[in-house]
Amino acid sequence: MNEEAGNDDLHAKWRRHFEELEDGEEIDPARVLRDCDRVQRSRRTIVPDFAELPTLLELEHSFRANKRGKACFFDSIPPELAHVFPQHLARFFFPIMMKQSLLIAEPITLKGGILVQAYKGKGNMACCDSFRSLMVSSIFSKGVHRVLRRQAVPFLEEVRVPGQLGGLPGKAVSQAAHLLLAWSAYQRSLHRSTAVVFVDVRQAFYRLLRAHLTTPEHLDDDVIRLFGTLQLPPDSFQQFATEIEQARALQSSGMSAFMEAHLTEVLQNTWFALPGDSTLSRTRKGTRPGDNLADMLFSFVFAKLISRIVTSLEDDGVTFQYHGCDEAHPFPWQLEVQHQSTYTMMGPIWADDLAIMIDGDAPSELLHRTRLITARVFDFFALAGMDVNLGPSKTEVVVSLRGAGSPQIRRDLFRHQPPMLDVPTERLGTFHVRVVHNYKHLGTMYASGGRMVPEIRQRLGEAKAEFRLNRKKIYNQGKMTADRRIRLFRALIMSGLQYNAGIWPALTKQETTHFANGLLSLYSSLAFAIWGEATYQWRDEKILTKLGLPAPNDLLRMARLRHFQHLVLRADGHIWTMLHLENEWLRLLDSDLQWLR
């Protein structure tokens, strides 16, 4: 009896935590069903174009995309079934999908899922904030939402801002990281001071107000209730109400009324339940992290939010414009006509990760611009219901000061421990943002002054730790052939070591030596594990020959060439514009192409 009571208390605690995140409420399942039926019956009929209707083949491809080894929904149907037999499941489920599509009425079962808590890897394990929720939904829900996602991609392509890459097919994080490094190198070539503000939004997908996407059913009541969930001063209510009324990210994207109605339907009467708990909770905020549409819907709102911030700053004379050649060509001078474009770009955006690129002629001007831009972003995010996380390794700023007065400004900036930049906002008072020398952004270490040593140390450190972890189990395993151990080394060690190495700028002599010594040390350790003490007498050339692994410089060349192929096939014009402005990386590529011949 006591054990049952303990489980009930535990479920209640987790339920309250997740309800606070998604503006949820405990509700009777029958009421959810009634509300869902009422909303669907009251929706006006929209006749779609024939091309807007899903096809059997689309559903089959969507089912096949289910990954193996994932948890099951309440129906206990494993994802492996959809992955292995997509053609059979698609044939059975297609009539239901067509009915949902024509009536714009999603089955109530597909609107929710099981929420499982997962430890973030840091923080107090007795605190709910140290856990994130993972939603386990039906394979049928994933299938339908994946089809909707594909249909919505062209509209996101139309409204996204330059630099916004997350949620789009064919885009890799390497593009966003490369954009930032190329911009930094370009500003260094102009001898300008720079600052990059890395903004981290706490539980961004949960806190997104759905009213920013579509019109709420009860607008006035919802505005009052949503305002109560935010930590805004009372005098901000009118501006918040205006913000909600003018949002409508889906409507402004240019998509058809049929497509907008479907995405709206996905967000209505959503629910969750905890494993082993019979209580249901209805959610009214967020884009359901774990759902196939979550990052897509968030990107619609984020694009409009960033556009409004940029427009507001332009009214104050702060611009983010870049002009140059946007040809997807490493040698544009070979073309008879070079296409030139002007882009307004705040910085690389990947889902909810934002890096704001700020430059200035003088250090004092840079700090003024950084405070103004950061304060404006914080104010707009607050009105949008987004909570900026100012904790360590979250929202931080990396500055590179150049020019007259930079030594004194640097001393003033770093006189506190930890160093802080004060950011006076209009609505929430003054924030203090940490000033750091380097920041891990999308897996790549961005450092002040364009230094690459922190990134090289990180890559080599992770590679050596992975090697030590598997030394006895794999590399010292005499029963395994040398060729097999080398292939495993390539897969387990070299793949991680080369992550984003293709975007690195030209390395200094010190950085080149550091990388080469670290890589050759790894090779020597592998050679010793395979051939023993005889390798003590071997020169680096013999180790490279015996292992068949690339020399440090050749490794970077091949990484650049692979990344170049990806850029030619998938990169947008604004990335090419920045590469042409910076030009140093393209010179390295020219040398690589000569080497390849």
Side-chain angles (χ1 to χ4, degrees), residues 2-26 70-71 113-136 197-208 228-232 272-277 279 281 283-291 294-295 298 350-354 378 381-382 385-398 416-421 423 428-443 445 458 461-462 465-466 469:
N2 290 334
E3 185 177 347
E4 290 181 7
N7 287 335
D8 290 342
D9 291 342
L10 187 61
H11 283 144
K13 184 175 181 179
W14 282 115
R15 193 185 315 114
R16 284 195 299 271
H17 173 66
F18 293 133
E19 284 175 354
E20 287 175 7
L21 289 180
E22 300 188 64
D23 188 24
E25 59 176 350
E26 189 176 320
K70 298 294 183 179
I114 308 169
L115 277 197
V116 181
Q117 61 271 18
Y119 183 53
K120 293 180 180 178
K122 56 184 177 181
N124 186 357
M125 295 191 69
C127 179
C128 291
D129 288 335
S130 301
F131 292 78
R132 62 169 54 89
S133 69
L134 302 176
M135 190 174 79
V136 181
V197 182
F198 297 95
V199 182
D200 181 88
V201 180
R202 185 181 284 111
Q203 300 156 339
F205 287 10
Y206 297 104
R207 295 181 180 275
L208 180 130
T229 67
L230 307 178
Q231 297 178 345
L232 289 170
F272 74 81
L274 300 175
D277 188 18
T279 305
S281 296
T283 60
R284 297 168 291 190
K285 198 163 71 172
T287 58
R288 315 312 311 279
D291 186 83
D295 62 328
F298 183 87
W350 189 270
D352 59 333
D353 283 314
L354 169 64
F378 286 2
F381 276 24
M386 298 182 187
D387 184 20
V388 176
N389 190 345
L390 294 170
S393 302
K394 299 299 182 181
T395 297
E396 295 178 334
V397 58
V398 178
H416 300 294
Q417 285 300 327
M420 292 286 186
L421 179 72
V423 179
L428 301 173
T430 299
F431 285 92
H432 292 88
V433 181
R434 289 172 183 263
V435 181
V436 294
H437 294 291
N438 28 265
Y439 185 94
K440 190 172 184 179
H441 174 243
L442 301 177
M445 195 69 73
Q458 174 188 249
E462 291 174 355
E466 182 69 24
L469 182 66

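Start at 1 with the first residue, then count along the sequence.
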To the nearest 0.5 Å, how far apart are [atom1] in [X] and [atom2] in [Y]?
| X | Y | atom1 | atom2 | result |
| --- | --- | --- | --- | --- |
| K440 | M445 | NZ | CE | 6.0 Å |
| R434 | L421 | CZ | CG | 13.5 Å |
| Q203 | D200 | CD | CG | 10.0 Å |
| L21 | R16 | CG | CZ | 13.5 Å |
| M420 | E396 | CE | CD | 8.5 Å |
| E20 | C128 | CD | SG | 9.0 Å |

Validation row: [X], [Y] side chains within 4.5 angstrom (heavy atoms):
| X | Y | answer |
| --- | --- | --- |
| K394 | V388 | no |
| F431 | T395 | no |
| L115 | Q117 | no |
| S133 | Y206 | yes |
| L390 | V433 | yes |
| T279 | H11 | no |

Q. Step by step, would you call V201 with F298 a side chain to side chain contact (heavy atoms under 4.5 Å, CB included)?
A. CA-CA 12 Å; V201 180; F298 183 87; 5.8 Å; no
Q: Examine distances only and state if a side-chain atom of K70 and a backbone atom of V136 form a donor-acceptor pair shorter than 3.5 Å.
A: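 No; judged by distance alone, with no hydrogens or angles, the pair does not exist.
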Q. Sub-3.5 Å donor-acceptor pair from the side chain of S130 to the main-chain atoms of N124, do we have one?
A.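 Yes, the answer is positive, given that a donor and an acceptor are paired below the 3.5 Å cut-off.
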Q | Where L274 and R15 come nearest, the two heavy atoms and their spacing | A |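 Minimum heavy-atom contact is CD1-N, 3.7 Å.
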Q: Work out which heavy atom in A294 is nearest to a heavy atom in F205; give both atom names and the distance.
A: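 Closest approach of A294 to F205, heavy atoms only: CB-CD2, 4.1 Å.
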Q) Quick check: are there more than 12 heavy atoms from other residues, nucleotides or ligands sitting under 6.0 Å from NZ of K120? A)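 It does: K120 NZ has more than 12 such atoms within range.
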Q. Mind checking whether H17 and W14 have parallel, tilted or perpendicular rings, split at 30° and 60°?
A.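 The arrangement is perpendicular - the two ring planes meet at more than 60°.
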Q) Between Y119 and F131, what is the ring plane arrangement, given parallel below 30°, perpendicular above 60°, and tilted in between? A)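 Plane angle between 30° and 60°, so tilted.
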